[in-house]
Structures are given as C-alpha cells and as structure tokens.
Amino acid sequence: MTHYLAATGLLLVAALAQSLVGPHLPLFGGRPDFVLTVVLAWAMLRGSGEGAVVGFVGGLLLDSVSYSPFGLNGALLGLTGYLGGIGQTNFYRTNLGFFLAAASAMTLLYHTATYLMLQALGLALPPVDEMYRLVLPSAVWNALLLVPVSIACRRLLRALAGWRQLKV
Amino acid sequence: MMGMTEPPRRQLPRWASTLVVVVVAVLLLTPGPWRELEKVGSSVLSPIQLGVSGTIGEVSSVFGTLQRVRDLATQNADYREEIDRLESELVRLRELEVENTDLRNLLGLKERTRPGTLLPVSVIGRDDTAYAQAITVDRGTTGGVVEGTVIVTHKGLVGRVVKANPLSAKVMLLNDINSSVAIRLQSDTRATGILRGQSQGNSLVVVHIPQTDVIKVGDVVITSGIGEVYPEGLVVGKVTRVERNEADPFQAAAVEPAVDMNKLERLYALAEEK
C-alpha cells in the first residue's frame, strides 16, 4: 500500500509538472510526458501488475489537469504500464540501449493509441504525419527523462523497503 | 705636550652683541643705501617662495580633490538612488498606462457585447499537445464561470469554457483543432464564415466563405454572433492570406489571431448577468 501511495505522490507531481512546466519545454515542437515517464519507470522496476495500477492512477490524475476526455489517459496509461513492465527488470538494467529504445517505443505506442481513441470518440485531429512530427521529439524527451526518473523511483522504493547503502 | 691647553678665547659680552643687532635693525629701518639689501634678499627668496607656495598649493589641492571626490561619490550615490526610484516609478507608470489602455478597450468591449460581468481569471495550467490546445483557469462554477462562458482579453477573443468544475474551468482555445467560431469580416462585403483552429501554432483559418465575397489581406475578423455561442463583435484577428480555388464554391483565408495564444495574460470571463 505504501508503494502505491508513494507512486501516487510522484504521479501527482508529474501531472502538475506536465501541465505547468511541460508546455514551456519544446524540443522541435515535442513536449515531455512526465506522467508517462514515471509510469514506465515504475513498471520497469516493479513489473506489469503494479505498472498497470500506477498507469491507471497516473492517467486519471493527468485527465484531471488536462483537456482530454476523463478516463482516456487512465485506460491508455494503464495499458502502457502493463506493457512496459513485461520486460525483466534486470534486462533493462543491463542494456541501456534497449532501456532507452523501450521508452521511445512505448511513447510512440501510447500516442498512437491516443490518436486512435480520440478519432473513435469523434474529435477532430491533425493529420497523422503532423502528429508524428510532434510525437517523435516527445519520444526523445521521454527517453532522456527515463534514466533520472528510474533512478529516483528505485531510490524511493529502496527507502520505503528500508534499504541502507553499505559504506565499504 | 701634556698639560698644555689652548688659550681662552675672548668673547664679546652678551650686552655687546645685543647692541649690535639693535643698531643694525635701526639702520635698516631708516632710508639709505642699505635698503638695497632688501631687494637682494627679495630677489633671492622670491623664487624659493614661489616654489614652496606652489608645492603647498598642489598638496592642498590634492587634499581638496580627495575631499571633493568623497563629496561627489556621496552625491553620485544619492543621484543613483534617485534614478533607481524614478526608474521604478516609470515602470509602474508604464504598467498603469497599459492597464489604462486595456480598461478603455474593455469598456469598449463591454459596450459591444451583451450585458454581463467581466470576471478576471488567471491561467493555472496548459494543455499544449498535438490533439488539444487548452488552458485551465482559476475560476469555476462557484465563481460564476460555467460551460460555454467566453474568455477574452482586451485584445480580443481567447476561447470558450468546455468543462467547468467548482473551482476551475477548462478553456478550449481558438487555435484548438476542434474550435469552431462563426465569424464575419469587417469589410464592405461583411462576408461570413467559420473560423477553425490549426492544431499547434498560433494560426487560424476561415472556411466556407462564398466565392462571391471579396476578402482582402488586412480585413479584421470579428465574431458574428450566429448560433449565439459567442457574442457578436468580439475581435478575433486579421486576414493574412487568401486561398481561392475557382473550382470550389467557397474560399478560405488564413487569419492571424489578435491574441497571442502563447502569451496569455489579463484574461476575463464574460459571465452572464443574473
């Protein structure tokens, strides 16, 4: 339970950052997805089960501060959290390239799913090429952010578990 | 040889030397050829006097300069303080001037729109993605902002509330791809059309303008009030480019919004009067 509370606190900060700070950090038009990054980091550390729950909670928080239909991000981030946690934690840790590539791939998958869902809901959308022109820089942003966010999540989890760093 | 000493010198008695001095002084005071001695003395001493007085003067002036520098430094600091104070005052006055202009425009705006209250709102969040251009403002249903409330600045239209919570509201901006505003061109033809957003970026486009209507670059675009979604007469922007295709029944125009959506400040909600 403590884990989920800690994750919720982290996701709240990420959602507020995405709403307040994200729009002012353009990288070739793309913005960072703080909530998605936290969900991916948590899922890669804790597995699919927790990843899905954390993704759902993060998505609802994001829906509360953003303009998207309420529940859309809850569903999509829950799914993203589940898929992100499928890989073995140790595999991610020993292969930085795969770690970063997974972050980019999950970002593309998440935004593609969002695009399809919004279209299914009947909302007007920009052309697909325009959408990917903005999503690709976001994928780069998220890959860069995933490393420090993962480190922060790991330290948080270890602190919650009572781990202490041995001094040799 | 031992025991031999010099003979004692004969000294003038004290009274004699005094007498000599007095006599010489009296003689010098009386006119006579010994007055020439005075001139000789002056000639010899004057250059020395000049040199010494000049040196003393220079030294005095250095001290005087140092004192003046100290005084000037104090004066300088006082002037700088005064300048800083006046600059702050100038900034404040400039802001007041801008606010004055805004309020004048708002007064004009209020006269053009239907009766209602202008409620000041601030941006507390922003959604700037490929799918949505929206902001969250700090006033909701408890503050008089409901779904459909129009948001404006002194320059013109910003957007419309699409979701109102008790303490906040989500505003769809004009440049959101799902935004749709019935407009009219402030030109001789008074052409009407539909203004749409273009996803990211500040640009807008007006579509469904009949080919028979003449549009010129620079034409002011205002809300037409058709559909009663937006009040009539709100400034939206200016035409920057006209797109015509003779084969189409309608023409389009690119519009630069009057309000820069990336720099939203001093927003107001046009609330209905109760």
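Chain letters run A, B, ... following the sequence lines, proteins first and then strands; every chain starts at 1.
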Please check if atom [atom1] in [X] has more than 12 non-hydrogen atoms from other residues, nucleotides or ligands closer than 6.0 Å.
X	atom1	result
B:Tyr79	OH	no
A:Glu50	CD	yes
B:Tyr268	OH	yes
B:Arg244	CZ	yes
B:Lys163	NZ	yes
B:Arg190	CZ	yes

Polar side-chain atom of B:Asp127 near backbone of A:Tyr67 as donor-acceptor pair, under 3.5 Å: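 Checked: pair present.
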Under a 3.5 Å distance rule, please check whether B:Lys170 uses its side chain to pair with a backbone N or O of A:Ser64 as donor and acceptor.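 Yes: the side chain of B:Lys170 pairs with the backbone of A:Ser64.
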Where is the tightest heavy-atom contact between B:Thr136 and A:Val65, given as atom of each residue plus distance? OG1-O, 3.8 Å
Non-hydrogen atoms of B:Gly125 and A:Ser19 that approach each other most closely: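 So the two residues come closest at CA-OG, 3.3 Å.
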Proximal component of B:Ile124, with respect to chain A [non-hydrogen, under 4.5 Å]: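 Looking at B:Ile124, just its backbone touches chain A.
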Select one option (side chain, backbone, both, neither) describing which atoms of B:Val162 are under 4.5 Å from chain A's heavy atoms.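 Contact with chain A is through the side chain of B:Val162 alone.
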Contact check, side chains of B:Tyr131 and A:Leu125, non-hydrogen atoms, under 4.5 Å: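 Yes; the side chains approach each other to less than 4.5 Å.
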Side chains of A:Arg31 and B:Asp128, heavy atoms from C-beta outward: is any pair under 4.5 Å? yes
Under 4.5 Å from any heavy atom of chain B, what part of A:Leu123 do you find: side chain, backbone, both or neither? both
Let me know if A:Ser138 has heavy atoms under 4.5 Å from chain B in its side chain, its backbone, both or neither. neither
